[in-house]
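On a predicted model such as this, the values are computed, not experimentally measured, just so you know. The basis for the numbers below is simple: all heavy atoms, side chains too, and nothing from hydrogens, waters or symmetry mates.
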Amino acid sequence: MTDPATGPVADPAAAERTGAARSPVGTLPLVPAAAFVLVWSSGYISGPYGVQHVEPFTLLALRFALAAVIALAVARVFRGPLHVDRADLGRIALTGLAMNAVQFGAMYLAFDAGLGATLASLLHALTPVLTAVLAAALLGERLSARQVAGLVVGVAGVVIVLGPDIEKAGGPVAVALGVFGAITLSLGTLGQRWIGHAPDPWWSAAIQFSVSVPPLAVLALALEGTDAVSDPVRGGLTVVFLAIVNSIIGLLLLGKLVRAGGAGAGASLFFIAPPVTAVMAWLVLGETLGPLELVGLVVAVVGVALGTGSLPTRRRGARP
């Protein structure tokens, strides 16, 4: 699947279904895992910060344009020529449009409407479990009781965080856009399976970044005009940070974790991102959580950990 900060992330539902290795958090290399969580969580900080200085579609078009140039250069120099047939190329491109242009477009519009960084991180943290539910509903795959319980508990936590006053979370439009972005991310994750034998991850990322630029640029010009940047310095720094740190460095760290922990390594870190994001949002954006919201955060994190298999469990008959 695609992480909102970095790019393609392995599908935990598919990893569990096929028996692919997915190491628990404790067995992943500490420094790359910690760095990946920080990079991942920073995507929910740089997004809300960036839309304060650059309109959402313009910000995304610039981000993916820069990321595409870097990824194309890396892929060509270190991976050689692209070898992929037209059918796979089309599937990669369509999946990239859904996961980058549509999903990020919805989430950045939500940021612009007032959605908080922590709530956005919570919504995206639920996507591995939501993906498993959608795979069961759309593809007839087996859904475990643990995954159902994780989704129920996670959604309950999000509802608690929202509280009785939805306006505090940015209003109905912001929340609806955030939910739509999470659903699109889950559907895009299922689309990754449609690709089949994809080329090198760098070439896949380069293609998906590239195809996202034209529609975002058209929307930016049509809806935001040529005066979409209110602060060129802060806006420019945000674009560079999003493209290099969130997209490129995040992809490097993810590759390291996948090599160390298997196809679903990134998924085992999902439950860590929301609390890290909450701390970063408090430090950078001044977002604070009340007691009830903190309770909801804990409940949602437990649900995500349960649904992604990140909580330690003891099998019957196993030694302690």
> Does Val54 reach the side chain of Thr238, with side-chain heavy atoms less than 4.5 Å apart?
Replying inline: no

> Do Glu167 and Pro172 come within less than 4.5 Å of each other through their side chains, counting heavy atoms only?
Replying inline: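 Yes; the side chains approach each other to less than 4.5 Å.
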
>> Checking side chain to side chain contact (heavy atoms under 4.5 Å, CB included) between Thr184 and each of Met99, Met107, Gln103, which is the one that passes?
In response: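 Going through the options one by one, the only one that passes is Gln103.
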
>> As a test of understanding, state which of Val158, Leu122, Val302 forms a side chain to side chain contact (heavy atoms under 4.5 Å, CB included) with Leu297.
In response: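 Option passing the side chain to side chain contact (heavy atoms under 4.5 Å, CB included) with Leu297: Leu122.
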
Going hydrophobic residue to hydrophobic residue with side-chain gaps under 4.5 angstrom, can you get from [X] over to [Y]?
X      : Y      : answer
Ile160 : Val301 : no
Val51  : Phe241 : yes
Val148 : Leu138 : yes
Leu109 : Leu62  : yes
Val240 : Leu60  : yes

Looking only at heavy atoms, what is the nearest atom pair of [X] and [Y], with distance?
X      : Y      : value
Thr95  : Gly188 : CG2-O, 3.6 Å
Gly170 : Ala174 : O-CB, 3.5 Å
Ala120 : Phe111 : CB-CE2, 3.6 Å
Gly225 : Ala228 : O-CB, 4.0 Å
Tyr108 : Leu242 : OH-CD2, 3.4 Å
Ile92  : Val84  : CD1-CG2, 4.4 Å

> Which residues pass the side chain to side chain donor-acceptor pair (under 3.5 Å) test with Arg76, sequence neighbours left out?
Replying inline: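 Counting only residues at least two positions away or on another chain, Arg76 forms no side chain to side chain donor-acceptor pair (under 3.5 Å).
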
>> List the residues meeting side chain to side chain donor-acceptor pair (under 3.5 Å) with Ser46, not counting sequence neighbours, and say none if there are none.
In response: Asn246

By side chain to side chain contact (heavy atoms under 4.5 Å, CB included) - contacts of [X] (at least two apart):
X      : value
Ala87  : Asp85, Arg91
Val69  : none
Ile183 : Leu130, Val179, Leu187
Leu252 : Trp202

When rounded to the nearest 0.5 angstrom, what distance separates [atom1] in [X] from [atom2] in [Y]?
X      : Y      : atom1 : atom2 : value
Ser230 : Glu55  : OG    : CD    : 7.5 Å
Leu123 : Thr118 : CG    : OG1   : 11.0 Å
Thr127 : Leu185 : OG1   : CG    : 4.5 Å
His124 : Leu119 : NE2   : CG    : 10.5 Å
Ser204 : Leu89  : OG    : CG    : 10.0 Å
Asp112 : Phe57  : CG    : CZ    : 9.5 Å

Hey, can you pull the donor-acceptor pairs under 3.5 Å for the side chains in residues 211-220, sequence neighbours left out?
| unit_1 | atom_1 | unit_2 | atom_2 | d |
| --- | --- | --- | --- | --- |
| Ser212 | OG | Gln208 | O | 2.8 |

> Which residue pairs pass the salt bridge (Lys or Arg N to Asp or Glu O under 4.0 Å) test when at least one of the two sits in residues 212-233, sequence neighbours left out?
Replying inline: Asp231-Arg234

Is a side-chain donor or acceptor of [X] paired with a backbone partner of [Y] at a separation under 3.5 angstrom?
X      : Y      : value
Trp203 : Gly80  : yes
Ser186 : Ala182 : yes
Arg63  : Ala243 : no
Ser210 : Ala68  : no

Check residues 275-294 and write down every donor-acceptor pair under 3.5 Å in which the side-chain atom is one partner and the other belongs to a residue at least two apart or another chain.
| unit_1 | atom_1 | unit_2 | atom_2 | d |
| --- | --- | --- | --- | --- |
| Thr277 | OG1 | Ser41 | OG | 3.4 |
| Thr277 | OG1 | Ser121 | OG | 3.3 |
| Thr277 | OG1 | Ala273 | O | 2.8 |
| Glu287 | OE1 | Ala117 | N | 3.3 |
| Glu287 | OE2 | Ala117 | N | 3.0 |
| Glu293 | OE1 | Gly290 | N | 2.6 |

>> Could you check whether Gln147 and Ser144, counting side-chain N and O atoms only, form a donor-acceptor pair closer than 3.5 Å?
In response: yes

> With clusters built from Ile, Leu, Val, Met, Phe, Trp and Tyr whose side-chain heavy atoms come within less than 4.5 Å, directly or transitively, what are the remaining members of the cluster of Val233, listed by chain and number?
Replying inline: Leu237

> Which residue pairs satisfy the ring pair (Phe, Tyr, Trp, His ring centres under 6.0 Å) criterion with at least one member in residues 63-82, sequence neighbours excluded?
Replying inline: Phe64-Phe104, Phe64-Phe209

>> Once ring pair (Phe, Tyr, Trp, His ring centres under 6.0 Å) is applied, do any residues pair with Phe180, and if so which ones, sequence neighbours excluded?
In response: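 Per chain and number, Phe180 pairs via ring pair (Phe, Tyr, Trp, His ring centres under 6.0 Å) with no residue.
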
